[in-house]
Amino acid sequence: MSEAYNPKAVEPKWQKIWDDEKAFHAPHDYSKPKMYNLVEFPYPSGQGLHVGHPRPYTAMDIVSRKRRLQGYNVLFPMGWDAFGLPTENYAIKNHIHPKIVTTNNVKRFKSQLHALGYSFDWEREVNTTDPGYYHWTQWIFLQMFKKGLAYKTEMPINWCTGCKVGLANEEVVGGVCERCGSPVVQKMQSQWMLKITAYADRLIDDLDSLDFIERVKVQQKNWIGRSHGAEVDFQLAGKDAKLRVYTTRPDTLFGATYMVVSPEHPYIDQFKDDIKNYEEVVAYREAAARKSDFERTELAKDKTGVCIDGITAINPVNGKEIPIWVSDYVLMSYGTGAIMAVPAHDDRDWEFAKKFDLPIIEVIAGGNVQEAAFTDVETGTLVNSGFLNGMSVAEAKKAITEFLAEKGLGTPKTNFKLRDWVFSRQRYWGEPIPIVKCEKCGYVAIPEEELPLELPEVDSYMPTDTGESPLAHMTEWVNTTCPCCGGPAKRETDTMPQWAGSSWYFLRYIDPHNDTCIADPEAMKYWLPVDWYNGGMEHTTLHLLYSRFWHKFLYDEGVVPTPEPYQKRTSHGMILGENGEKMSKSRGNVINPDDIVNEFGADTLRTYEMFIGAFDLAAAWSQDGVKGCRKFLDRVWKLQDLVTEGNAYTPALETKIHQTIKKVSNDYEEMKYNTGIAAMMTLVNEYYKAGTLTKEDYKVLLVLLNPVAPHITEELWEKMGFAGRIYQTTWPEYDEAKTVEAMIEVAVQLNGKVRAKIMVPADASAADAIAAGKEAVKDRLTGTIVKEIYVPGRLVNLVQK
RNA sequence: GCCGGUGUGGCGGAAUUGGCAGACGCAGCAGACUCAAAAUCUGCCACUGGCGACAGUGUGCCGGUUCGAGUCCGGCCACCGGCACCA
């Protein structure tokens, strides 16, 4: 009898051996096929590792380990996304430098990940807070600045009235400050912006060439929000001015019965003298500005507005004079800040027209426009629309667009919901923005040789009460000279957001210690793009989009060799508490991965997290489920007592083994880890049923299981005296022909109901199978058979009347 | 409101993509071992009726296509996630 399975001895032993042997270091071996697998690097929070982390990490570790055994040169790195607010807040509260907090947290995270036996190439570890790293984050920013993609502008920011500090959107929860609960208001502040909108078209169009799961593509497309339409000019009656609107439905132009401008529209002040009710309009504008986000969205159903008295517009297609209203349902930040309202065919315009009793003119037949706006573009025919009458929506769109172009009244236009990226944070713990402001020269880039521009030591990381970054207090650091004219200048004191360092980290893994460029171009050519990137859905419209944008910019600059950073993107589901709710301290349902490793072992945790359910769906934790997985590993361990000499598969087990190799090999690639593990459990059950197994039978099980449970399989490999290490072996092959049983059980159905089971040879002809099926149910064959079906290896169905 | 996802035993979940619904695991029940318990091993385990062979019902609901539907089509319902006056 073997001694009991003891992961506490086995796991540290192999973790040390793998480190010593540099088992998972990925060299630049250009002769081998490469595979670059990536998981999102964690933010090293003070809480330590969460049980949610191992789910994606184990999944990609499985793929990486399997592909290595299949002969791939695999890059599977790990690092730390370590700038960020929680660290800074913790530092402020406890008077410890964020650098020290970060170092401690990273140390803890690393030891936790190490204890889980991941095959990360630790030689390539990166940390976004390392000056050797953010040197290149700053360098990329400078390239963008030089190309006009980074610019400074006045932007409203979220201002906490309690903390007197600017907040990131993520820190504003339900209109109040996440930390102190005080109301958050909008405050104008000068901000650095990145022109992601310049890449909007490519960020949508290039998705087609990528192997991203569909919901990621859809979410990115919706976020970018491209729409095709036209800009149309409406002449103001009696004025030498035109009001320009954007519409996606130029075909409904004849139905435009009024216009609406946003409260911030410049015409309100420009035509101040003509507006008879100017006071009323301004009062409305001020009321709209005071509305909180909550009022603007939650109370959106109730339309408000004021009719501008004194100026009107002329509908360009029918010459009708129509009123102009001001309402906050029109946003200054989208399109032209003005719309033509077609209440018959737009829900919002309809609601507004009903409330203020404005005319509703049907121009597309097919609905009842007095009851509801008719917005269907697939059906319906143009009416009351002059030369467009009788056309479909699609035809009318084309005709009106040509008409407008011909008369110089309007042009086709594409708009996006996507806005430029607010890149400034008034915080300490981030990358300094490498720009100085000179009275004479304006904003000037610091010379590249001065990079990295290191974060100075400050006395206090507390934000200032003016909303400036803590760096603003560092007068000796702030006051500098202009690299352009040599005159006095001030450094930018805002820092970059956390998204900066994570926008390009996958490039740095390729060549993490290079101090002359981002990474060696030859190495990038070999490793890029990332073959497979798994991460959370919550990063789809921020991190994932931002990093695609940066990569495309670097591609245009000739820095990186591929137009896209990631070829394939998959996503994991969340791990919930035992009660099915999200894990949180307040709910008291948090599971600490350290406890699971202590009690059951890392291999059990890994196996359980892969067995818990479909990888892309949320799954609730179950302590009993963990025990079940430990039981499975115990059974694998104890199989060693049943092993006999022999370097071939046991004949009776051969089919099952080939089937299992096939199933497990496919399931790992398709992220169906739960069914792959189930198949190995079945194989283990078969081995026990057989009572004895050869070394070869055992070996194949160990290799298949190795990616999921690397420590126990490495230990058993050694105990069985197999050559070398299991991490150096090769992945088993299966023979398709041998996955099929000689005799197969087939169901016999009568009118679709199973009435008998028969055994037929796998290669039986339809006629033979049907004949055997008839024989098996002959007692029930009372009517005439009108149809006979044989699905090879599955069933016989006899239809009788 | 719009977009996306999910709905299968007591529970987590399978089902070769139109072919035997419930693999695998958990829990439960019975038995073996034990003074006993734990652990381990063996067997049973969708529901209803029947001692039983067996029969009927069953994949959120209603309808359809098909020899055959968890899977396809039409119409609903519930829950989860994202966006939210984007003209």
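The sequence lines fix the lettering, A, B, ..., with proteins before strands; numbering per chain opens at 1.
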List the atom pairs, donor and acceptor, that lie under 3.5 Å between side-chain atoms in residues 738-753 of chain A and the rest of the protein, sequence neighbours left out.
| from | atom 1 | to | atom 2 | distance (Å) |
| --- | --- | --- | --- | --- |
| A:Thr739 | OG1 | A:Glu736 | O | 2.6 |
| A:Asn751 | OD1 | A:Gln800 | N | 2.8 |
| A:Asn751 | ND2 | A:Gln800 | O | 3.3 |

**OP:** Determine, stepwise, if the pair A:Tyr334 / A:Ser227 fulfils side chain to side chain donor-acceptor pair (under 3.5 Å).
**Re:** CA-CA 11 Å; A:Tyr334 184 79; A:Ser227 74; 3.1 Å; yes

Between [options], spot the one nearest the side chain of [X], thanks.
{"X": "A:Asp328", "options": "B:C24, B:C20, B:C85", "result": "B:C85"}
{"X": "A:Ala678", "options": "B:C24, B:A87, B:C20", "result": "B:C24"}
{"X": "A:Leu795", "options": "B:G4, B:C20, B:C83", "result": "B:C20"}

**OP:** Can you sort out the partners of A:Asp347 under salt bridge (Lys or Arg N to Asp or Glu O under 4.0 Å), two or more places apart, ordered by chain and number?
**Re:**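 For A:Asp347, no residue satisfies salt bridge (Lys or Arg N to Asp or Glu O under 4.0 Å) once neighbours in sequence are set aside.
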
**OP:** Mind checking salt bridge (Lys or Arg N to Asp or Glu O under 4.0 Å) for A:Lys242 and listing every partner two or more places apart, or none if nothing turns up?
**Re:**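 Listed in chain order: nothing, the list is empty.
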
Do any N or O atoms of the protein come closer than 3.5 Å to N or O atoms of nucleotides 62-67 of chain B, and which pairs are they?
| from | atom 1 | to | atom 2 | distance (Å) |
| --- | --- | --- | --- | --- |
| B:C67 | O2 | A:Asn797 | ND2 | 2.4 |

With sugar-phosphate meaning primed atoms plus P, OP1 and OP2, does [X] contact a base, only sugar-phosphate, or nothing at under 4.0 Å between heavy atoms?
{"X": "A:Gly628", "answer": "sugar-phosphate"}
{"X": "A:Asn415", "answer": "nothing"}
{"X": "A:Arg419", "answer": "base"}
{"X": "A:Glu745", "answer": "base"}
{"X": "A:Ser622", "answer": "nothing"}
{"X": "A:Thr540", "answer": "nothing"}
{"X": "A:Val218", "answer": "sugar-phosphate"}

Mind listing the side-chain donor-acceptor pairs of residues 786-793 of chain A below 3.5 Å, one per line with the distance, residues two or more places apart or on another chain?
| from | atom 1 | to | atom 2 | distance (Å) |
| --- | --- | --- | --- | --- |
| A:Glu788 | OE2 | A:Lys774 | NZ | 2.4 |
| A:Tyr790 | OH | A:Gly793 | N | 3.2 |

Subject >> Rounded C1' spacing from B:C54 to B:C61 in Å >> reply: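 Looking at atom C1' only, B:C54 and B:C61 are 31 Å apart.
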
Rounded distance in Å - [atom1] ([X]) to [atom2] ([N]):
{"X": "A:Asn222", "N": "B:G5", "atom1": "CG", "atom2": "P", "value": "12 Å"}
{"X": "A:Trp223", "N": "B:G4", "atom1": "CH2", "atom2": "C1'", "value": "16 Å"}
{"X": "A:Gln623", "N": "B:C11", "atom1": "CD", "atom2": "C1'", "value": "15 Å"}
{"X": "A:Glu214", "N": "B:G5", "atom1": "CD", "atom2": "P", "value": "9 Å"}
{"X": "A:Asp616", "N": "B:G7", "atom1": "CG", "atom2": "P", "value": "11 Å"}
{"X": "A:Arg755", "N": "B:G68", "atom1": "CZ", "atom2": "C1'", "value": "14 Å"}

Show me the side-chain donor-acceptor pairs of residues 250-259 of chain A shorter than 3.5 Å, one per line, residues at least two apart or across chains.
| from | atom 1 | to | atom 2 | distance (Å) |
| --- | --- | --- | --- | --- |
| A:Asp251 | OD1 | A:Arg249 | NE | 3.2 |
| A:Asp251 | OD2 | A:Arg249 | NE | 3.3 |
| A:Asp251 | OD2 | A:Arg249 | NH2 | 3.0 |
| A:Thr252 | OG1 | A:Arg249 | O | 2.7 |
| A:Thr257 | OG1 | A:Pro359 | O | 2.9 |
| A:Tyr258 | OH | A:Asp349 | O | 3.0 |

**OP:** May I ask you to list the residues of residues 569-582 of chain A, by number, that have any heavy atom positioned under 4.0 Å from an atom of RNA chain B?
**Re:**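 Heavy-atom contacts with RNA chain B come from no residue of residues 569-582 of chain A; none.
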
Original post:
With A:Tyr673, which residues qualify under ring pair (Phe, Tyr, Trp, His ring centres under 6.0 Å), at least two apart?
Top reply: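 Ring pair (Phe, Tyr, Trp, His ring centres under 6.0 Å) check on A:Tyr673 returns A:Phe615.
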
Original post:
What residues, two or more places apart in sequence or in another chain, satisfy ring pair (Phe, Tyr, Trp, His ring centres under 6.0 Å) together with A:Trp621?
Top reply: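 Only A:Tyr608 meet the ring pair (Phe, Tyr, Trp, His ring centres under 6.0 Å) criterion with A:Trp621.
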
**OP:** Verify whether one side chain among A:Thr682 and A:Asn685 offers a donor that lies under 3.5 Å from an acceptor in the other.
**Re:**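 No donor-acceptor contact under 3.5 Å links the two side chains.
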
Original post:
Nucleotide by nucleotide, 5' to 3', does protein get under 4.0 Å of the base (B), only the sugar-phosphate (S), or neither (-) in nucleotides 12-18 of chain B, counting heavy atoms?
Top reply: BSSSB--

Look for any protein N or O under 3.5 Å of an N or O in nucleotides 37-43 of chain B and output each such pair with its distance, or none.
| from | atom 1 | to | atom 2 | distance (Å) |
| --- | --- | --- | --- | --- |
| B:C41 | OP1 | A:Arg635 | NH1 | 2.9 |

**OP:** Hunt down any stem RNA chain B takes part in, defined as 3 or more consecutive Watson-Crick or G-U pairs whose two distances are each under 3.5 Å.
**Re:**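 Stems found: B:1-7 with B:77-83, B:10-12 with B:24-26, B:28-32 with B:40-44, B:46-49 with B:54-57, B:60-64 with B:72-76.
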
